[in-house]
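Notes to accompany the following structure.
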Amino acid sequence: MVGVSVAFGLGAVFLPFALRVLPEPLCRHKAVFCLGIETGLLVLLLWLAARWSGAGWFPLPVLPGVLYGAAFAWGMALLIRYARLSGWLRAALCLGLGVALMLTVNALLDRLAGPAVPGRVHGLGFRFDFSNWADPWVLNENVNTIVTLALGGAGLACLAAGLAVSLRRRRK
């Protein structure tokens, strides 16, 4: 287990440099190889930790949550690396993925691990109340709403900038 932990940690730092030696057709896909190896090491590390500790949390409920989070990292990495769009439009799409994560992550975690506050289950979206910051559940909803609105606003700003740049390029 220690070896996998060390490989996971060091891989995050040194794997991109080690993958520079890949031959030309594969060299263009270093990000996919690096993220794939790190995702595999993370799943292996979680499996070994659960097996070593005798805990019953792997594969359920941990693995779906981890893969859900990894899907957003994969989505952003693939968008940034392979989308043939301007940087502004790629940023807008990545921020849109962030909005999707914020809108769904609490509902998923409540389904997998049970609600943090008994009897109060998160749904898709938010049930905010900006007049109530004392209740921890409502506080979570309020903060997530603000973060989601900020991500959405930044995404719309990037989208507007990307469209403006592409329109200017077409006029020239």
Side-chain angles (χ1 to χ4, degrees), residues 4-47 58-113 122-128 140-172:
V4 175
S5 302
V6 170
F8 177 68
L10 292 177
V13 176
F14 296 110
L15 193 56
F17 300 110
L19 291 177
R20 287 185 179 175
V21 299
L22 289 173
E24 182 49 42
L26 299 176
C27 188
R28 285 183 245 140
H29 308 291
K30 287 184 293 202
V32 172
F33 287 126
C34 188
L35 199 53
I37 292 168
E38 284 296 307
T39 302
L41 285 172
L42 175 61
V43 171
L44 179 62
L45 178 61
L46 290 171
W47 177 74
F58 191 87
L60 290 175
V62 170
L63 188 59
V66 168
L67 294 179
Y68 183 77
F72 284 95
W74 272 91
M76 288 184 194
L78 294 174
L79 276 172
I80 291 168
R81 177 64 183 95
Y82 296 110
R84 295 190 179 268
L85 301 168
S86 72
W88 288 110
L89 295 177
R90 285 184 288 188
L93 289 172
C94 286
L95 288 163
L97 279 175
V99 168
L101 172 70
M102 291 300 296
L103 290 172
T104 57
V105 70
N106 279 338
L108 175 81
L109 292 176
D110 277 354
R111 294 328 177 265
L112 291 175
H122 293 281
L124 295 176
F126 305 113
R127 289 176 283 206
F128 59 90
N140 180 45
E141 295 287 309
N142 290 345
V143 170
N144 285 345
T145 300
I146 292 169
V147 170
T148 303
L149 290 173
L151 285 171
L156 290 174
C158 288
L159 178 64
L163 292 175
V165 167
S166 66
L167 286 175
R168 258 189 253 137
R169 285 183 185 159
R170 288 185 182 174
R171 287 183 185 162
K172 289 183 181 182

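Quantities reported herein were computed from a predicted structural model and do not represent experimental measurements.
Taking CG of Asn144 as the reference point, atom CG of Leu101 lies at 9.5 Å (rounded to 0.5 Å). Between atom CG of residue Leu163 and atom OG of residue Ser86 there is a gap of 8.0 Å, rounded to the nearest 0.5 Å. Within the model, atoms OG1 of Thr39 and CG of Leu44 stand 12.5 Å from one another, a figure rounded to the nearest 0.5 Å. Note that the CG atom of Leu67 and the CH2 atom of Trp74 stand 11.5 Å from one another [nearest 0.5 Å]. In this structure, the separation between CZ on Phe14 and SG on Cys34 is 12.5 Å, given to the nearest 0.5 Å. Residue Thr148 holds its OG1 atom at 10.5 Å from CZ of Phe128, rounded to the nearest 0.5 Å.
Between His29 and Tyr82 the shortest side-chain heavy-atom distance falls below 4.5 Å. By the 4.5 Å heavy-atom criterion applied to side chains, Leu78 and Val32 are counted as neighbours. Side-chain atoms of Ile146 and Phe126, non-hydrogen and from C-beta on, never get closer than 4.5 Å to each other. Two residues are said to be in side-chain contact when any heavy atoms from C-beta on lie closer than 4.5 Å; Arg169 and Val165 meet this criterion.
With sequence neighbours excluded, no residue forms a ring pair (Phe, Tyr, Trp, His ring centres under 6.0 Å) with Phe33.
Contact detail for Met76 and Leu97: the closest heavy-atom pair is N-CD1, 3.8 Å. The heavy-atom pair separating Val99 from Gly152 by the smallest distance is CG2-N, 3.6 Å. Of all heavy-atom pairs spanning Gly65 and Leu108, the tightest one is CA-CD2, 4.3 Å. For Pro61 against Leu112, the heavy-atom pair with the smallest separation is CB-O, 3.2 Å. The two residues Arg90 and Leu85 come nearest to each other via the heavy atoms NE-O, 3.4 Å. Heavy atoms only, all atoms of each residue included: Cys94 and Ile80 are closest at SG-CG1, 3.8 Å.
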